[in-house]
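Scroll down for the structure; my scribbles are underneath it.
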Amino acid sequence: MNYFTKTALAMSVAMLAASPMAQAETTLKASHQWPGGKGDVRDEMVQILAREVANANVDLKIQVYPGKSLFKPREQWGAMVKGVLDIAAFPLDYASGRHPEFSATLMPGLVRNHDRASRLNTSPFMDDIKKVINDAGVVVLADAWLAGAFASKKQCITSPESMKGQVTRAAGPAFEQMLVGAGASIASMPSSEIYTGLQTGVLDAANTSSGSFVSYRIYEQATCLTKPGANALWFMYEPILMSKRSWDELNEDQQKALLAAGKVAEDYFLGEAKSLDDKLVEAYSNAGVEVVEMSGDDYDQWLAIAKETSYKNFAEKVDGGQALIDKALAVE
């Protein structure tokens, strides 16, 4: 090979390496705990994120790992902080052991309905929560609030009196404190383990999101469902989050593509959130499970217990806790 041929070849290689076509595609890992491809709205949010990013043509790909196949549910937060995991659809209260402020995102009676949940997203309350998230090394790509329900294989749960003597799973410390205040016993576990807990007799009852109650087929183990209805005591913030370390490694076009994809996923969720409750009732009714609803009086009784247990404890133990509760309650 002569000098000119070698030079031409070297120039060609250099030009190819510098061209956009030759840039290596970045692959991000996205994890969540729910079944993949089974209609769970949180799985679909992450799948939408992956599809939108792929269609943006910014040399970015998202590989989705559903069904806790990559990380256990509660391990995802620490993995994102360390940059070991890129993206997760994550119930924020799962990280309340590290950041107690997050318990406010699963505080009994603080949300009550879907319209109010949507307004909370742009409130001073969420500004404070998102500052804690960001300061910890994680960013929010999409907001999501899910309503939840109660189910039991022992007896229907309506008033606090109906909870006495039942061993129940609650999603976080605030609910655990309220339920103990009503006379329940607590067995802690992620929502993915509720089915087995009921099946083996470890649990008599559980509360979790409407989506999880359907995705995990808990209707096969329950005899009574308390639907969210007009008095949803249970709401939980389950956003799509991203490691700030991973975010900072992306170029501007890739970051813009992720934010745009997050908006599409969030809009999809807003359209589906209310229908999740209808699907919940339909699934349980079709399975022969009794479906009941808390009355306004039931709700008020629960709220009174929550204020003396969950709210009081949060205000006393969490720096700025009372201010957070007040900001949430101030949202019309």
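The shown structure was predicted, so the numbers you read here are calculated from the model rather than taken from an experiment.
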Nearest 0.5 Å, please: how far is [atom2] in [Y] from [atom1] in [X]?
X: Leu179; Y: Phe150; atom1: CG; atom2: CZ; answer: 6.0 Å
X: Leu92; Y: Phe102; atom1: CG; atom2: CZ; answer: 4.5 Å
X: Glu272; Y: Asp40; atom1: CD; atom2: CG; answer: 11.0 Å
X: Glu101; Y: Phe125; atom1: CD; atom2: CZ; answer: 10.5 Å
X: Thr105; Y: Leu324; atom1: OG1; atom2: CG; answer: 10.0 Å
X: Met178; Y: Trp302; atom1: CE; atom2: CH2; answer: 5.0 Å

Considering only heavy atoms from C-beta outward, does the side chain of [X] approach that of [Y] to under 4.5 Å?
X: Asn121; Y: Trp145; value: yes
X: His32; Y: Val64; value: yes
X: Pro173; Y: Asn313; value: no
X: Tyr216; Y: Ile194; value: no
X: Met189; Y: Val202; value: yes
X: Arg51; Y: Val264; value: no
X: Leu198; Y: Ile218; value: yes
X: Ser188; Y: Glu176; value: yes

inquiry  = Run the ring pair (Phe, Tyr, Trp, His ring centres under 6.0 Å) test against Tyr219 and tell me which residues pass, sequence neighbours left out.
reply    = Tyr284

task = Would you please name every residue forming a ring pair (Phe, Tyr, Trp, His ring centres under 6.0 Å) with Trp247, sequence neighbours left out?
result = none

query = Which residues pass the side-chain hydrogen bond (donor to acceptor under 3.5 Å, both in side chains) test with Arg112, sequence neighbours left out?
reply = Asn231

Partners passing side-chain hydrogen bond (donor to acceptor under 3.5 Å, both in side chains) against Lys312 (at least two apart in sequence or in another chain) = none

key: Test log, rule salt bridge (Lys or Arg N to Asp or Glu O under 4.0 Å), inputs Lys244 and Asp135   = CA-CA 10 Å; Lys244 194 171 187 304; Asp135 288 350; over 6 Å; no

task = Using the side chain to side chain donor-acceptor pair (under 3.5 Å) rule, take Gln33 and Ser191 through it: C-alpha gap first, then chi angles, then the decisive distance, then the call.
result = CA-CA 9 Å; Gln33 70 192 63; Ser191 56; 2.9 Å; yes

Electrostatic pair Asp267:Lys263 at N-O distance under 4.0 angstrom = yes

task = Apply side-chain contact (heavy atoms from CB on, under 4.5 Å) to the pair Thr26 and Gln254, showing each step before the final yes or no.
result = CA-CA 10 Å; Thr26 298; Gln254 291 170 332; 4.1 Å; yes

query = If you take all heavy atoms of Arg217 and Glu220, which pair is closest and at what distance?
reply = NH2-OE2, 2.6 Å

query = Where does the angle between the aromatic ring planes of Tyr94 and Phe90 fall among parallel (under 30°), tilted (30 to 60°) and perpendicular (over 60°)?
reply = perpendicular

Decide whether [X] and [Y] meet the rule of one side-chain donor and one side-chain acceptor closer than 3.5 Å.
X: Arg42; Y: Ser215; result: no
X: Asp298; Y: Ser295; result: yes
X: His114; Y: Asp277; result: yes

message = For residues 172-232, which residue pairs pass the disulfide bond (SG atoms under 2.5 Å apart) check, not counting sequence neighbours?
response = Cys156-Cys224

inquiry  = Quick test of your reading: applying side chain to side chain donor-acceptor pair (under 3.5 Å), list the pairs with at least one residue in residues 67-84, sequence neighbours left out, ordered by first then second residue.
reply    = Ser31-Gln76, Lys68-Ser192

message = Evaluate Glu252 against Lys256 for salt bridge (Lys or Arg N to Asp or Glu O under 4.0 Å), listing each step before the verdict.
response = CA-CA 6 Å; Glu252 186 177 354; Lys256 287 180 178 179; 3.3 Å; yes

